[in-house]
Colleague: 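Before I ask anything, let me first share the structure, which is written out below as structure tokens.
Start at 1 and go down the list; that is how both ligands and their atoms are numbered. FYI, the numbering just counts along the sequence from 1.
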Amino acid sequence: MKFGGSSVADAEKITNVAGRIAVARESGDDVVAVVSARGKTTDSLVSMAQEISSNPNPQEMDMLLSTGERISCALMAMALHDRGHDARSFTGSQAGILTDGSHTKAKIVDIKADRLREALDDDQIVLVAGFQGMSREHNVTTLGRGGSDTTAVALAAGLDADVCEIYTDVTGVFTADPRVAPEAVKLSTLSHEEMLEMAAMGSRVLALRSVEFARNHDVPLHVRSSFKPEEGTWIVKETPAMEDAIVSGIAHRSDEAKVTVSGIKDKPGVAADIMTALADRLVNVDTIIQNVSADGAADLSFTVPLDELKTALEAMESLRETLGIKEISSDDQMGKVSLVGAGMKSNPGIAAKMFRALAAEEINLEMIDTSTIRITVVIPRRDVERAVRCLHEAFDLGTEAARRASV
Ligand code: ASP
Ligand code: MG
């Protein structure tokens with residue numbers, strides 16, 4: 001059971017969560033609960049560091065950031081003790097979460113869950129501080145923002161749990177963001193692959209890395225509300241029935257920028273040089289398009305998250321001379337909208353229907369990108385919300401999801 005920051009924000013909420021954990025334990029299950037830092041704690045810890053230093057040491061950042069989850073954990077243990085339960089909290093390192101050494105964005109490399117297993121064998125409720133681990137050098141590390149989801153999934157895999165339940169302030173994963181498309185409905189099931197595409201393309205319900213971990217280790221996830229008892233959304237290994245629904249959901253992002261470099265040479269190695277310059281600066285490049293014009297020169301465009309635009313442009317400037325780039329231009333007013341569905345694999349015509357619907361709304365597509373189960377369009381930011389609503393209607397997602405829920 002993983003509880004997000006908003007679910008443990010104040011004393012009343014901690015008591016509520018302790019109740020959920022207690023009920024699960026009383027039903028006879030062994031319970032491991034992972035908790036996030038309370039409310040905006042991690043944000044305030046980041047600000048505290050910024051007040052002191054403009055370039056804080058990453059190892060010390062981890063020392064600082066890891067405290068938020070420890071607070072939640074200890075308080076949760078106390079709340080469970082008061083309900084008469086035997087509960088015990090563990091930091092990430094005590095829980096045996098071993099990571100690489102990249103401070104503030106460490107990756108889990110192994111789980112040595114012996115201590116947790118012993119505690120479970122002693123009939124204790126196990127509480128684990130999310131978002132943190134220990135490097136081979138025995139230093140405290142953190143897993144990057146939203147990392148408690150990954151802690152929970154990794155522990156579920158390491159302990160061979162029946163399910164990893166992610167408790168949050170929404171009731172599940174919706175066909176689209178309900179704040180943008182009010183007709184959006186909760187999905188009963190999604191495949192790991194579909195959720196991976198949704199998370200990568202802007203759905204913020206689960207951290208991307210946790211879904212990757214769940215897919216790689218075949219961990220069933222159940223995303224549900226901390227405050228309401230209803231079933232949420234199950235994210236499981238794909239079943240043949242899932243392909244019946246052609247489109248499962250729509251994800252969007254409004255914080256994209258586009259960079260275009262024109263007049264580069266059309267020869268092997270040029271795109272590699274451009275991507276290397278970006279990778280060296282840790283810029284996350286997404287959609288990439290290259291076009292060759294009649295005179296043999298090429299244009300290359302790519303999208304980056306808005307807050308990485310400045311670094312991306314610096315990277316391109318650094319290549320201007322060597323690659324003989326004629327022009328570097330950018331647009332910081334972009335967004336993207338993605339349709340995701342396992343059934344797309346075997347159904348032609350989805351792109352045609354999608355582009356037709358967007359054309360009817362006079363929305364201009366600047367770039368297009370696809371995977372076997374996703375179609376993404378890069379469009380002006382001001383059109384993003386309208387695009388989400390029109391696609392939700394064109395693909396009848398409210399009804400489609402409702403139909404699936406009844407299967
Ligand atoms: N507290 C950390 C964050 O805000 C980790 C988490 O909540 O998952 O990013
Ligand atoms: Mg979170």
Colleague: Show me which atoms of ligand 1 lie under 4.0 Å from any heavy atom of Arg145.
Modeller: 3 (C), 4 (O), 9 (O)
Colleague: Could you go through Arg386 and Glu361, starting from their C-alpha distance and side-chain angles, then the distance that decides it, and tell me whether this counts as salt bridge (Lys or Arg N to Asp or Glu O under 4.0 Å)?
Modeller: CA-CA 8 Å; Arg386 210 153 46 85; Glu361 289 284 320; 3.0 Å; yes
Colleague: Just to verify, what does Glu366 make a side chain to side chain donor-acceptor pair (under 3.5 Å) with, not counting sequence neighbours?
Modeller: Lys258
Colleague: Going by side chain to side chain donor-acceptor pair (under 3.5 Å), name the pairs with one or both residues in residues 3-12, residues two or more places apart or in two chains.
Modeller: Ser6-Asp169, Ser7-Ser226
Colleague: Looking at Asp100, I want to see if its CG is surrounded by more than 12 non-hydrogen atoms of other residues, nucleotides or ligands under 6.0 Å.
Modeller: yes
Colleague: Which of the atoms of ligand 1 are close to Ser36, meaning less than 4.0 Å from one of its heavy atoms?
Modeller: 6 (C), 7 (O), 8 (O)
Colleague: For atom 6 (C) of ligand 1, which of Ala37, Ser148, Gly68, Ala207 has the closest heavy atom?
Modeller: Ser148
Colleague: Kindly compute the distance separating CD1 (Ile125) from CG (Asp86), expressed to the nearest 0.5 Å.
Modeller: 8.0 Å
Colleague: If you measure from each heavy atom of Gly146 to ligand 1, is any distance below 4.0 Å?
Modeller: yes
Colleague: Is there a nitrogen or oxygen of Lys2 sitting under 3.5 Å from a nitrogen or oxygen of ligand 1?
Modeller: no
